Visitor: 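Okay, handing you the structure first.
Both backbone and side-chain heavy atoms feed into the values below; hydrogens, waters and symmetry mates do not. A, B, ... follow the sequence lines: proteins, then strands. Residue 1 opens every chain. Being a predicted model, the structure only gives us computed values, none of them experimental.
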Amino acid sequence: MTGMAIHAKGLEKRFGRNPALRGIDLSIPGGSRVALLGPNGAGKSTLLRLVAGLSRPTSGHLSIAGLGAGKPAARQKVGLIAHETFLYPHLTARENLLFAGRLLGVPELGARVDKLLEEADLRHVANRTAGSFSRGMAQRLSIARALVHDPAVLLLDEPFSGLDGRASAKLAERLSELRQDDRTLLIVTHDLSRVAQVADSALILLNGRIAREIRGAALTSESLETLYAESTEGSP
Amino acid sequence: MRVLAAVLWKDLVSEWRSRERVVAMLVFSLLVVVVFHFALPGGATARNASQAPGLLWVAYVFAALLGLNRAFSIELENDAISVLALAPVDRGWVFLGKFLANFLILGAVQIVVAVVFAVFFQLDFSGIVPQFAGIVALGSAGLCSVGTFFSAMAVRTRFREVMLPLLMIPPLLPVLAAAVEATVGLFTEGKVPPGSLQLLLVADGIYCIASFILFDYVLDG
(Lines give C-alpha, C1' and ligand atoms only; values in the text may rest on other atoms or scores of the structure.)
Protein backbone atom coordinates (compact mmCIF):
# COMPACT_ATOMS: atom_id res chain seq x y z
CA MET A 1 0.00 0.00 0.00
CA THR A 2 1.31 3.48 -0.87
CA GLY A 3 0.38 6.67 1.03
CA MET A 4 -1.01 6.77 4.55
CA ALA A 5 -2.62 3.59 5.82
CA ILE A 6 -3.89 5.32 8.96
CA HIS A 7 -4.24 9.06 9.41
CA ALA A 8 -5.68 10.73 12.50
CA LYS A 9 -5.98 14.44 13.28
CA GLY A 10 -7.22 15.78 16.61
CA LEU A 11 -8.86 12.43 17.37
CA GLU A 12 -10.87 12.41 20.59
CA LYS A 13 -13.04 9.80 22.23
CA ARG A 14 -15.05 10.25 25.40
CA PHE A 15 -17.14 7.74 27.34
CA GLY A 16 -19.65 9.98 29.06
CA ARG A 17 -17.47 12.59 30.78
CA ASN A 18 -14.37 10.40 30.77
CA PRO A 19 -11.91 11.17 27.99
CA ALA A 20 -10.20 8.05 26.58
CA LEU A 21 -8.34 9.78 23.74
CA ARG A 22 -7.39 13.47 23.92
CA GLY A 23 -6.40 14.75 20.49
CA ILE A 24 -4.38 12.05 18.78
CA ASP A 25 -2.41 13.14 15.69
CA LEU A 26 -1.07 10.13 13.86
CA SER A 27 0.18 9.22 10.39
CA ILE A 28 1.16 5.62 9.70
CA PRO A 29 2.46 4.98 6.15
CA GLY A 30 1.36 1.87 4.27
CA GLY A 31 3.48 -1.19 4.98
CA SER A 32 4.58 0.01 8.46
CA ARG A 33 4.57 -2.18 11.58
CA VAL A 34 3.79 -0.11 14.64
CA ALA A 35 3.47 -1.24 18.26
CA LEU A 36 1.15 0.68 20.57
CA LEU A 37 2.40 0.60 24.14
CA GLY A 38 1.16 2.10 27.37
CA PRO A 39 -0.25 1.29 30.78
CA ASN A 40 -3.83 0.09 31.28
CA GLY A 41 -6.34 2.83 30.52
CA ALA A 42 -3.95 4.75 28.25
CA GLY A 43 -6.40 4.46 25.34
CA LYS A 44 -4.65 1.82 23.22
CA SER A 45 -7.63 -0.49 22.72
CA THR A 46 -9.96 2.48 22.23
CA LEU A 47 -7.71 3.76 19.43
CA LEU A 48 -7.66 0.30 17.84
CA ARG A 49 -11.46 0.00 17.97
CA LEU A 50 -11.80 3.41 16.31
CA VAL A 51 -9.41 2.39 13.53
CA ALA A 52 -11.34 -0.88 13.07
CA GLY A 53 -14.62 1.03 12.77
CA LEU A 54 -16.15 -0.65 15.81
CA SER A 55 -16.62 2.66 17.57
CA ARG A 56 -17.10 6.29 16.48
CA PRO A 57 -14.81 9.16 17.50
CA THR A 58 -16.31 11.95 19.59
CA SER A 59 -14.42 14.49 17.48
CA GLY A 60 -11.48 14.75 15.10
CA HIS A 61 -10.68 13.05 11.84
CA LEU A 62 -9.64 9.44 11.19
CA SER A 63 -9.12 7.79 7.83
CA ILE A 64 -8.01 4.33 6.71
CA ALA A 65 -6.30 4.24 3.31
CA GLY A 66 -7.94 7.58 2.58
CA LEU A 67 -11.45 6.35 3.51
CA GLY A 68 -13.39 7.69 6.49
CA ALA A 69 -12.99 5.20 9.37
CA GLY A 70 -16.18 3.35 10.20
CA LYS A 71 -17.57 3.56 6.66
CA PRO A 72 -18.25 0.14 5.10
CA ALA A 73 -15.47 0.63 2.50
CA ALA A 74 -12.95 1.41 5.27
CA ARG A 75 -14.03 -1.66 7.30
CA GLN A 76 -13.21 -3.78 4.23
CA LYS A 77 -9.57 -2.63 4.50
CA VAL A 78 -9.17 -3.71 8.11
CA GLY A 79 -8.63 -7.05 9.87
CA LEU A 80 -8.80 -7.25 13.66
CA ILE A 81 -7.26 -9.79 16.02
CA ALA A 82 -7.88 -9.41 19.75
CA HIS A 83 -7.36 -11.49 22.88
CA GLU A 84 -11.00 -12.53 22.37
CA THR A 85 -11.03 -14.80 19.33
CA PHE A 86 -14.34 -13.64 17.71
CA LEU A 87 -15.04 -17.32 16.91
CA TYR A 88 -18.36 -19.16 17.07
CA PRO A 89 -17.86 -22.25 19.25
CA HIS A 90 -20.55 -24.35 17.52
CA LEU A 91 -19.12 -23.76 14.02
CA THR A 92 -16.15 -25.75 12.76
CA ALA A 93 -12.84 -24.07 11.97
CA ARG A 94 -13.70 -24.13 8.24
CA GLU A 95 -17.22 -22.81 8.85
CA ASN A 96 -15.90 -19.93 10.98
CA LEU A 97 -13.63 -18.87 8.11
CA LEU A 98 -16.40 -19.37 5.52
CA PHE A 99 -18.75 -17.24 7.60
CA ALA A 100 -16.21 -14.42 7.95
CA GLY A 101 -15.43 -14.64 4.22
CA ARG A 102 -19.10 -14.45 3.25
CA LEU A 103 -19.60 -11.37 5.43
CA LEU A 104 -16.61 -9.77 3.75
CA GLY A 105 -17.53 -10.83 0.20
CA VAL A 106 -14.31 -12.78 -0.47
CA PRO A 107 -14.13 -14.22 -4.03
CA GLU A 108 -13.14 -17.90 -4.50
CA LEU A 109 -13.70 -18.39 -0.81
CA GLY A 110 -13.26 -22.17 -0.65
CA ALA A 111 -9.69 -22.04 -1.99
CA ARG A 112 -8.84 -19.06 0.21
CA VAL A 113 -10.10 -20.88 3.33
CA ASP A 114 -8.06 -24.01 2.45
CA LYS A 115 -4.93 -21.88 2.06
CA LEU A 116 -5.46 -20.10 5.38
CA LEU A 117 -6.13 -23.38 7.22
CA GLU A 118 -2.90 -24.74 5.78
CA GLU A 119 -0.91 -21.66 6.82
CA ALA A 120 -2.38 -21.80 10.31
CA ASP A 121 -1.49 -25.51 10.55
CA LEU A 122 -5.17 -26.29 11.22
CA ARG A 123 -6.07 -28.26 8.10
CA HIS A 124 -6.19 -31.55 10.03
CA VAL A 125 -8.79 -30.09 12.44
CA ALA A 126 -10.74 -28.07 9.86
CA ASN A 127 -13.97 -29.94 10.60
CA ARG A 128 -13.72 -29.76 14.38
CA THR A 129 -15.84 -27.15 16.17
CA ALA A 130 -13.91 -24.11 17.38
CA GLY A 131 -15.26 -24.63 20.89
CA SER A 132 -13.06 -27.73 21.22
CA PHE A 133 -9.84 -25.85 20.34
CA SER A 134 -7.02 -25.01 22.74
CA ARG A 135 -6.30 -21.30 23.29
CA GLY A 136 -3.32 -21.44 20.93
CA MET A 137 -5.28 -23.17 18.15
CA ALA A 138 -8.18 -20.75 18.58
CA GLN A 139 -5.79 -17.80 18.31
CA ARG A 140 -4.27 -19.21 15.10
CA LEU A 141 -7.76 -19.65 13.69
CA SER A 142 -8.55 -16.10 14.78
CA ILE A 143 -5.56 -14.82 12.77
CA ALA A 144 -6.74 -16.81 9.75
CA ARG A 145 -10.22 -15.26 10.18
CA ALA A 146 -8.75 -11.75 10.27
CA LEU A 147 -6.74 -12.44 7.10
CA VAL A 148 -9.56 -14.05 5.12
CA HIS A 149 -10.14 -10.90 3.02
CA ASP A 150 -6.40 -10.08 2.77
CA PRO A 151 -6.79 -6.72 4.58
CA ALA A 152 -4.41 -3.84 3.91
CA VAL A 153 -4.35 -2.97 7.63
CA LEU A 154 -4.09 -5.62 10.34
CA LEU A 155 -4.89 -4.59 13.91
CA LEU A 156 -3.79 -6.77 16.82
CA ASP A 157 -5.04 -6.10 20.34
CA GLU A 158 -2.86 -7.93 22.87
CA PRO A 159 -2.62 -11.06 20.74
CA PHE A 160 -0.21 -12.76 23.19
CA SER A 161 -2.62 -12.46 26.11
CA GLY A 162 -3.47 -15.82 27.69
CA LEU A 163 -1.06 -17.83 25.52
CA ASP A 164 1.57 -20.13 27.05
CA GLY A 165 5.25 -19.78 26.05
CA ARG A 166 5.06 -22.23 23.15
CA ALA A 167 1.86 -20.76 21.71
CA SER A 168 3.31 -17.24 22.12
CA ALA A 169 6.43 -18.22 20.21
CA LYS A 170 4.32 -19.78 17.45
CA LEU A 171 2.18 -16.64 17.22
CA ALA A 172 5.25 -14.41 17.08
CA GLU A 173 6.59 -16.61 14.27
CA ARG A 174 3.30 -16.25 12.39
CA LEU A 175 3.36 -12.46 12.85
CA SER A 176 6.95 -12.36 11.59
CA GLU A 177 5.77 -14.15 8.44
CA LEU A 178 3.09 -11.48 8.01
CA ARG A 179 5.83 -8.81 8.09
CA GLN A 180 7.06 -10.11 4.75
CA ASP A 181 4.07 -8.85 2.79
CA ASP A 182 3.09 -5.25 2.21
CA ARG A 183 0.58 -5.07 5.02
CA THR A 184 0.30 -2.39 7.69
CA LEU A 185 0.36 -3.79 11.22
CA LEU A 186 -0.77 -1.92 14.34
CA ILE A 187 -0.15 -4.01 17.45
CA VAL A 188 -1.24 -3.28 21.01
CA THR A 189 0.89 -5.24 23.45
CA HIS A 190 2.22 -5.22 27.01
CA ASP A 191 4.89 -7.73 26.08
CA LEU A 192 7.91 -5.45 25.45
CA SER A 193 10.16 -8.41 24.70
CA ARG A 194 8.14 -9.15 21.53
CA VAL A 195 8.07 -5.61 20.12
CA ALA A 196 11.32 -5.75 18.13
CA GLN A 197 10.20 -9.07 16.63
CA VAL A 198 6.87 -7.77 15.32
CA ALA A 199 7.29 -3.98 14.84
CA ASP A 200 9.56 -1.37 13.24
CA SER A 201 8.49 1.44 15.54
CA ALA A 202 6.54 1.93 18.76
CA LEU A 203 4.24 4.61 20.11
CA ILE A 204 3.75 5.03 23.84
CA LEU A 205 0.27 6.23 24.78
CA LEU A 206 -0.29 7.93 28.09
CA ASN A 207 -3.60 9.35 29.33
CA GLY A 208 -5.08 9.36 25.84
CA ARG A 209 -2.13 11.12 24.21
CA ILE A 210 0.93 9.95 22.28
CA ALA A 211 3.77 10.50 24.76
CA ARG A 212 6.70 9.12 22.76
CA GLU A 213 7.69 7.55 19.46
CA ILE A 214 10.52 5.01 19.40
CA ARG A 215 12.30 3.75 16.30
CA GLY A 216 15.26 1.69 15.17
CA ALA A 217 17.82 0.30 17.62
CA ALA A 218 15.91 1.62 20.63
CA LEU A 219 13.29 -1.09 20.01
CA THR A 220 15.53 -3.78 21.47
CA SER A 221 14.11 -5.16 24.68
CA GLU A 222 16.49 -3.50 27.18
CA SER A 223 16.37 0.00 25.63
CA LEU A 224 12.63 -0.20 25.19
CA GLU A 225 12.09 -1.12 28.82
CA THR A 226 14.15 1.88 29.94
CA LEU A 227 12.35 4.28 27.59
CA TYR A 228 8.97 2.84 28.54
CA ALA A 229 9.72 3.22 32.25
CA GLU A 230 10.85 6.84 31.71
CA SER A 231 7.71 7.67 29.72
CA THR A 232 5.22 6.08 32.07
CA GLU A 233 6.87 7.13 35.31
CA GLY A 234 4.28 8.56 37.66
CA SER A 235 1.32 7.36 35.59
CA PRO A 236 -1.42 5.51 37.50
CA MET B 1 -28.31 -10.09 0.67
CA ARG B 2 -24.98 -11.95 1.00
CA VAL B 3 -24.62 -10.81 4.62
CA LEU B 4 -28.26 -11.60 5.40
CA ALA B 5 -27.81 -15.15 4.08
CA ALA B 6 -24.51 -15.63 5.94
CA VAL B 7 -25.93 -14.51 9.29
CA LEU B 8 -29.08 -16.59 8.82
CA TRP B 9 -26.99 -19.69 7.94
CA LYS B 10 -24.66 -19.15 10.90
CA ASP B 11 -27.51 -18.74 13.40
CA LEU B 12 -29.45 -21.75 12.16
CA VAL B 13 -26.39 -24.04 12.05
CA SER B 14 -25.33 -22.92 15.55
CA GLU B 15 -28.86 -23.49 16.88
CA TRP B 16 -29.14 -26.89 15.18
CA ARG B 17 -25.91 -28.02 16.87
CA SER B 18 -26.54 -26.55 20.31
CA ARG B 19 -30.38 -26.60 20.46
CA GLU B 20 -30.00 -24.20 23.38
CA ARG B 21 -32.74 -21.81 22.43
CA VAL B 22 -35.33 -24.14 20.91
CA VAL B 23 -35.33 -26.53 23.86
CA ALA B 24 -35.58 -23.75 26.46
CA MET B 25 -38.32 -21.93 24.52
CA LEU B 26 -40.28 -25.11 23.94
CA VAL B 27 -40.14 -26.42 27.51
CA PHE B 28 -40.97 -23.02 28.98
CA SER B 29 -43.91 -22.28 26.69
CA LEU B 30 -45.34 -25.79 27.16
CA LEU B 31 -45.15 -25.28 30.92
CA VAL B 32 -47.03 -22.02 30.47
CA VAL B 33 -49.74 -23.89 28.54
CA VAL B 34 -50.03 -26.49 31.32
CA VAL B 35 -50.20 -23.78 34.01
CA PHE B 36 -52.97 -21.97 32.10
CA HIS B 37 -54.89 -25.21 31.72
CA PHE B 38 -54.92 -25.88 35.45
CA ALA B 39 -55.27 -22.23 36.50
CA LEU B 40 -58.49 -21.65 34.57
CA PRO B 41 -61.59 -22.88 36.44
CA GLY B 42 -63.65 -25.47 34.59
CA GLY B 43 -60.90 -26.64 32.23
CA ALA B 44 -61.81 -26.53 28.57
CA THR B 45 -65.20 -24.82 28.50
CA ALA B 46 -66.61 -22.78 25.67
CA ARG B 47 -65.81 -19.56 27.59
CA ASN B 48 -62.20 -20.61 28.02
CA ALA B 49 -62.00 -21.53 24.36
CA SER B 50 -62.79 -17.89 23.50
CA GLN B 51 -60.04 -16.77 25.88
CA ALA B 52 -57.57 -19.32 24.56
CA PRO B 53 -56.19 -17.19 21.68
CA GLY B 54 -55.10 -14.52 24.17
CA LEU B 55 -53.43 -17.14 26.35
CA LEU B 56 -51.76 -18.64 23.30
CA TRP B 57 -50.20 -15.27 22.51
CA VAL B 58 -49.00 -14.97 26.11
CA ALA B 59 -47.19 -18.30 25.65
CA TYR B 60 -45.76 -17.04 22.34
CA VAL B 61 -44.49 -13.81 23.93
CA PHE B 62 -42.81 -15.74 26.77
CA ALA B 63 -41.16 -18.07 24.25
CA ALA B 64 -40.01 -15.09 22.17
CA LEU B 65 -38.57 -13.29 25.20
CA LEU B 66 -36.57 -16.34 26.16
CA GLY B 67 -35.25 -16.92 22.64
CA LEU B 68 -34.53 -13.28 21.87
CA ASN B 69 -32.60 -12.86 25.11
CA ARG B 70 -30.23 -15.58 23.85
CA ALA B 71 -30.15 -14.26 20.27
CA PHE B 72 -27.32 -11.81 20.98
CA SER B 73 -25.86 -13.29 24.13
CA ILE B 74 -24.44 -16.07 21.90
CA GLU B 75 -22.66 -13.28 19.99
CA LEU B 76 -20.92 -12.19 23.20
CA GLU B 77 -19.12 -15.54 23.58
CA ASN B 78 -15.58 -14.77 22.36
CA ASP B 79 -16.87 -11.27 21.46
CA ALA B 80 -18.05 -12.66 18.10
CA ILE B 81 -20.42 -9.68 17.80
CA SER B 82 -17.35 -7.76 16.58
CA VAL B 83 -17.27 -9.95 13.45
CA LEU B 84 -20.81 -8.81 12.66
CA ALA B 85 -19.94 -5.18 13.37
CA LEU B 86 -16.89 -5.39 11.08
CA ALA B 87 -18.94 -6.51 8.07
CA PRO B 88 -18.29 -3.95 5.31
CA VAL B 89 -21.95 -3.36 4.51
CA ASP B 90 -24.88 -1.47 5.98
CA ARG B 91 -25.39 -3.23 9.31
CA GLY B 92 -29.14 -3.32 8.64
CA TRP B 93 -28.41 -6.51 6.66
CA VAL B 94 -27.01 -8.08 9.82
CA PHE B 95 -30.27 -7.12 11.56
CA LEU B 96 -32.32 -8.77 8.81
CA GLY B 97 -30.28 -12.00 9.05
CA LYS B 98 -30.71 -12.18 12.82
CA PHE B 99 -34.39 -11.22 12.49
CA LEU B 100 -35.06 -14.02 10.00
CA ALA B 101 -33.22 -16.59 12.13
CA ASN B 102 -35.22 -15.55 15.21
CA PHE B 103 -38.44 -15.63 13.17
CA LEU B 104 -37.79 -19.19 11.94
CA ILE B 105 -36.71 -20.50 15.35
CA LEU B 106 -39.74 -18.93 17.03
CA GLY B 107 -41.96 -20.29 14.24
CA ALA B 108 -40.78 -23.85 14.87
CA VAL B 109 -41.63 -23.50 18.57
CA GLN B 110 -44.99 -21.88 17.80
CA ILE B 111 -46.11 -24.82 15.68
CA VAL B 112 -45.56 -27.31 18.53
CA VAL B 113 -47.13 -24.98 21.12
CA ALA B 114 -50.20 -24.45 18.91
CA VAL B 115 -50.74 -28.21 18.60
CA VAL B 116 -50.45 -28.74 22.37
CA PHE B 117 -52.67 -25.73 22.99
CA ALA B 118 -55.31 -27.14 20.66
CA VAL B 119 -55.32 -30.39 22.64
CA PHE B 120 -55.49 -28.74 26.08
CA PHE B 121 -58.10 -26.10 25.14
CA GLN B 122 -59.96 -28.14 22.53
CA LEU B 123 -59.38 -25.48 19.87
CA ASP B 124 -60.71 -26.44 16.46
CA PHE B 125 -58.23 -25.52 13.72
CA SER B 126 -60.12 -27.22 10.92
CA GLY B 127 -60.40 -24.98 7.86
CA ILE B 128 -58.55 -22.04 9.42
CA VAL B 129 -54.92 -23.22 9.47
CA PRO B 130 -53.72 -20.89 6.63
CA GLN B 131 -55.39 -17.82 8.16
CA PHE B 132 -54.10 -18.74 11.62
CA ALA B 133 -50.58 -19.23 10.26
CA GLY B 134 -50.80 -15.84 8.54
CA ILE B 135 -51.82 -14.05 11.76
CA VAL B 136 -49.07 -15.79 13.75
CA ALA B 137 -46.51 -14.91 11.07
CA LEU B 138 -47.51 -11.23 11.11
CA GLY B 139 -47.54 -11.08 14.91
CA SER B 140 -44.21 -12.89 15.11
CA ALA B 141 -42.66 -10.55 12.55
CA GLY B 142 -43.48 -7.67 14.90
CA LEU B 143 -42.20 -9.61 17.92
CA CYS B 144 -38.95 -10.53 16.20
CA SER B 145 -38.22 -7.13 14.62
CA VAL B 146 -38.64 -5.23 17.89
CA GLY B 147 -37.09 -8.09 19.87
CA THR B 148 -34.01 -8.48 17.66
CA PHE B 149 -33.34 -4.74 17.77
CA PHE B 150 -33.69 -4.40 21.55
CA SER B 151 -31.90 -7.69 22.20
CA ALA B 152 -28.82 -6.22 20.50
CA MET B 153 -29.17 -3.10 22.65
CA ALA B 154 -29.82 -4.94 25.92
CA VAL B 155 -27.07 -7.53 25.52
CA ARG B 156 -24.34 -5.12 26.64
CA THR B 157 -26.27 -3.88 29.67
CA ARG B 158 -25.78 -5.30 33.15
CA PHE B 159 -29.36 -6.57 33.64
CA ARG B 160 -30.04 -7.77 30.10
CA GLU B 161 -32.62 -10.43 31.09
CA VAL B 162 -34.71 -7.70 32.74
CA MET B 163 -33.92 -4.99 30.21
CA LEU B 164 -35.22 -6.84 27.17
CA PRO B 165 -38.85 -7.21 28.35
CA LEU B 166 -38.83 -3.65 29.69
CA LEU B 167 -37.65 -2.29 26.34
CA MET B 168 -39.55 -4.68 24.09
CA ILE B 169 -43.07 -5.02 25.50
CA PRO B 170 -44.25 -1.35 25.40
CA PRO B 171 -43.72 -0.84 21.63
CA LEU B 172 -45.18 -4.29 21.02
CA LEU B 173 -48.55 -3.54 22.63
CA PRO B 174 -50.24 -2.53 19.33
CA VAL B 175 -48.89 -5.69 17.63
CA LEU B 176 -50.05 -7.95 20.46
CA ALA B 177 -53.48 -6.28 20.69
CA ALA B 178 -54.00 -6.66 16.95
CA ALA B 179 -52.71 -10.26 16.87
CA VAL B 180 -54.97 -11.32 19.75
CA GLU B 181 -57.99 -9.55 18.21
CA ALA B 182 -57.34 -11.20 14.85
CA THR B 183 -56.92 -14.66 16.43
CA VAL B 184 -60.06 -14.32 18.58
CA GLY B 185 -62.03 -13.19 15.51
CA LEU B 186 -60.79 -16.19 13.56
CA PHE B 187 -61.71 -18.73 16.26
CA THR B 188 -65.06 -17.23 17.30
CA GLU B 189 -66.48 -15.88 14.01
CA GLY B 190 -64.34 -17.66 11.44
CA LYS B 191 -63.04 -14.36 9.99
CA VAL B 192 -60.27 -11.90 10.73
CA PRO B 193 -61.19 -8.25 11.48
CA PRO B 194 -59.58 -6.22 8.66
CA GLY B 195 -58.59 -3.42 11.06
CA SER B 196 -56.38 -5.73 13.11
CA LEU B 197 -54.67 -7.07 9.98
CA GLN B 198 -53.97 -3.55 8.75
CA LEU B 199 -52.54 -2.60 12.14
CA LEU B 200 -50.28 -5.68 12.11
CA LEU B 201 -49.01 -4.90 8.61
CA VAL B 202 -48.35 -1.22 9.35
CA ALA B 203 -46.64 -1.94 12.71
CA ASP B 204 -44.47 -4.69 11.18
CA GLY B 205 -43.45 -2.40 8.33
CA ILE B 206 -42.56 0.50 10.64
CA TYR B 207 -40.61 -1.66 13.10
CA CYS B 208 -38.67 -3.52 10.40
CA ILE B 209 -37.68 -0.36 8.51
CA ALA B 210 -36.79 1.58 11.68
CA SER B 211 -34.70 -1.33 13.01
CA PHE B 212 -32.91 -1.74 9.67
CA ILE B 213 -31.93 1.95 9.63
CA LEU B 214 -31.01 2.29 13.32
CA PHE B 215 -29.14 -1.01 13.71
CA ASP B 216 -25.91 0.62 12.53
CA TYR B 217 -25.77 2.59 15.81
CA VAL B 218 -26.76 -0.39 17.97
CA LEU B 219 -23.71 -2.42 16.92
CA ASP B 220 -21.30 0.43 17.73
CA GLY B 221 -19.22 -0.56 20.76
Visitor: I'd like to verify something: which residue of H90(A), R75(A), R145(A) has the highest number of heavy-atom pairs under 4.5 Å with chain B?
Guide: R75(A)
Visitor: Can you name the nearest heavy-atom pair linking A74(A) to G68(A), along with the distance?
Guide: CB-O, 3.3 Å
Visitor: Is W9(B) in contact with chain A via its backbone, its side chain, both, or neither, using a 4.5 Å heavy-atom distance?
Guide: side chain
Visitor: Of the non-hydrogen atoms in A130(A) and L141(A), which two are nearest, and what is the gap between them?
Guide: CB-CD2, 4.2 Å
Visitor: Counting only heavy atoms closer than 4.5 Å, note whether V7(B) contacts chain A via side chain, backbone, both or neither.
Guide: both
Visitor: Considering only heavy atoms, which portion of T92(A) lies under 4.5 Å from any heavy atom of chain B: side chain, backbone, both, or neither?
Guide: both
Visitor: Quick check on the interface: out of V13(B), D216(B), D90(B), L4(B), who has the most heavy-atom pairs with chain A under 4.5 Å?
Guide: D216(B)
Visitor: With a cut-off of under 6.0 Å to the ring centre and 45° to the axis, is R91(B) in cation-pi contact with W93(B)?
Guide: no
Visitor: Below 4.5 Å, heavy-atom pairs only: which of T129(A), L87(A), V78(A) has the largest tally toward chain B?
Guide: L87(A)
Visitor: So does R183(A) pair up with D150(A), basic N to acidic O under 4.0 Å?
Guide: yes
Visitor: Donor-acceptor pair, S211(B) side chain versus C208(B) backbone, under 3.5 Å?
Guide: no
Visitor: Working to the nearest 0.5 Å, report the span between CG of L80(A) and CG of L155(A).
Guide: 5.5 Å
Visitor: Parallel, tilted or perpendicular: which one describes the rings of F121(B) and H37(B), with boundaries at 30° and 60°?
Guide: perpendicular
Visitor: Just by modelled atom types, is the A199(A) backbone N or O under 3.5 Å from a matching donor or acceptor in the R33(A) side chain?
Guide: no
Visitor: Below 30° counts as parallel, above 60° as perpendicular, anything between as tilted: where do the rings of F215(B) and F95(B) land?
Guide: tilted
Visitor: Which of residues 59-77 of chain B get closer than 4.5 angstrom to chain A, counting heavy atoms alone?
Guide: E75(B), E77(B)
Visitor: What part of A73(A) lies closer than 4.5 angstrom to a heavy atom of chain B: side chain, backbone, both or neither?
Guide: neither
